[in-house]
Amino acid sequence: MRTTGYGMHPEPIAGLLAAAGDAAIVLTYAEDRAFADVSLNRFASVNSTRLDWQGVEVLERSEEFDGDGLREMVRRYGDEGELVVVFWGDQVVPTVALATEAVAAHAEMVVGSCYECWLYFTDGHVLIEFQDGESFVAARVPN
């Protein structure tokens, strides 16, 4: 298994990990790839990091791109206690899993620690894409 480069720099999300405490789970490379296979990898991409929303069930597009906007979407699409996997645009930052409530409580830290990230709601099979300065898009993960 090739793990070179994965999760080597947790510094950008150190504040989130400290604030979330035991509620945050840092995923291994194998766990990251397993969750990516059932979420991110089911979408085509545009310009290497943006997801292609053509042909998928888009649930919402929000012009907001701040912690309050993310918090509202997390509460809309996540159930209490549901596991949310947060993938960062940079593979050297480790993927983390948090309960919906922890993501909502620390939404500012999530969006403040990256230029782009994706949140996968494991029970509802919804994915939210965040692009800094632009928007959030929520969509149902295709089968």
Side-chain angles (χ1 to χ4, degrees), residues 1-62 64-67 69-71 73-143:
M1 173 187 349
R2 186 176 152 235
T3 60
T4 305
Y6 171 76
M8 294 174 61
H9 294 284
E11 299 84 16
I13 59 169
L16 173 63
L17 294 175
D22 291 341
I25 302 165
V26 177
L27 301 184
T28 66
Y29 179 77
E31 292 166 332
D32 166 88
R33 294 296 76 204
F35 278 113
D37 284 345
V38 297
S39 62
L40 281 175
N41 294 349
R42 297 204 175 177
F43 293 87
S45 65
V46 176
N47 297 331
S48 77
T49 61
R50 294 176 183 273
L51 299 182
D52 183 356
W53 304 110
Q54 299 272 335
V56 300
E57 180 185 355
V58 173
L59 302 169
E60 179 178 356
R61 292 177 189 270
S62 171
E64 296 187 46
F65 52 89
D66 60 8
L70 177 59
R71 184 176 295 102
M73 290 186 89
V74 166
R75 288 181 175 150
R76 242 186 321 281
Y77 298 108
D79 290 330
E80 187 174 332
E82 181 172 6
L83 189 66
V84 180
V85 177
V86 183
F87 300 94
W88 312 102
D90 187 346
Q91 271 290 95
V92 299
V93 178
T95 298
V96 297
L98 304 153
T100 300
E101 299 82 12
V103 176
H106 304 295
E108 285 84 4
M109 288 185 179
V110 172
V111 298
S113 61
C114 64
Y115 294 108
E116 59 191 6
C117 67
W118 298 267
L119 295 90
Y120 172 56
F121 295 78
T122 59
D123 294 339
H125 306 288
V126 169
L127 188 81
I128 295 176
E129 178 179 61
F130 166 69
Q131 295 287 333
D132 188 31
E134 293 182 30
S135 65
F136 294 106
V137 177
R140 186 101 29 224
V141 175
N143 290 327

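Count residues from 1 along the sequence.
Counting all heavy atoms, side chain and backbone alike, W118 lies closest to Q131 at CZ2-NE2, 4.2 Å. Across all non-hydrogen atoms, the minimal contact from V111 to G67 is CG2-N, 3.6 Å. Between P12 and S113, the shortest heavy-atom distance links the atoms O-CB, 3.1 Å. Scanning all heavy atoms of the two residues, the minimum distance from A102 to A23 falls at CB-CB, 4.2 Å. Summarising the geometry of V103 relative to V84, their closest heavy-atom pair is CG2-CB, 3.9 Å, with the distance given to 0.1 Å. Minimum interatomic distance between A97 and L83 (heavy atoms only, all atoms of both residues): CB-CD1, 3.6 Å.
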| query | Going through the distances and angles, do Y77 and E60 end up as a side-chain contact (heavy atoms from CB on, under 4.5 Å)? | reply | CA-CA 10 Å; Y77 298 108; E60 179 178 356; 2.7 Å; yes

List the atom pairs, with distances to 0.1 Å, where a side-chain N or O of residues 135-143 and a protein N or O form a donor-acceptor pair under 3.5 Å, not counting sequence neighbours.
unit_1, atom_1, unit_2, atom_2, d
R140, NH1, G124, O, 3.1

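C117 has its side chain within reach of V110: a pair of non-hydrogen atoms, C-beta onward, lies under 4.5 Å apart. Using a 4.5 Å heavy-atom cutoff, the side chains of Y115 and D90 are not in contact. The side-chain heavy atoms of E134 and R50, taken from C-beta on, include a pair separated by under 4.5 Å.
Listed by first and then second residue, the side chain to side chain donor-acceptor pair (under 3.5 Å) pairs involving residues 93-112 are D32-T95, R71-E108 (not counting sequence neighbours). Residue pairs that meet the ring pair (Phe, Tyr, Trp, His ring centres under 6.0 Å) test with at least one member in residues 32-54, sequence neighbours left out, are F43-W53.
Note that CG of D132 is 10.0 Å distant from CG of D66, once rounded to the nearest 0.5 Å. Note that the CG atom of L119 and the CZ atom of F87 stand 9.5 Å from one another [nearest 0.5 Å]. Taken from CZ in R42 to OH in Y120, the straight-line distance is 7.5 Å, to the nearest 0.5 Å. Atom CE of M109 and atom CD1 of I13 lie 12.0 Å apart (nearest 0.5 Å).
Across I128, V126, L127, a single residue satisfies side chain to side chain contact (heavy atoms under 4.5 Å, CB included) together with L59, and that is V126.
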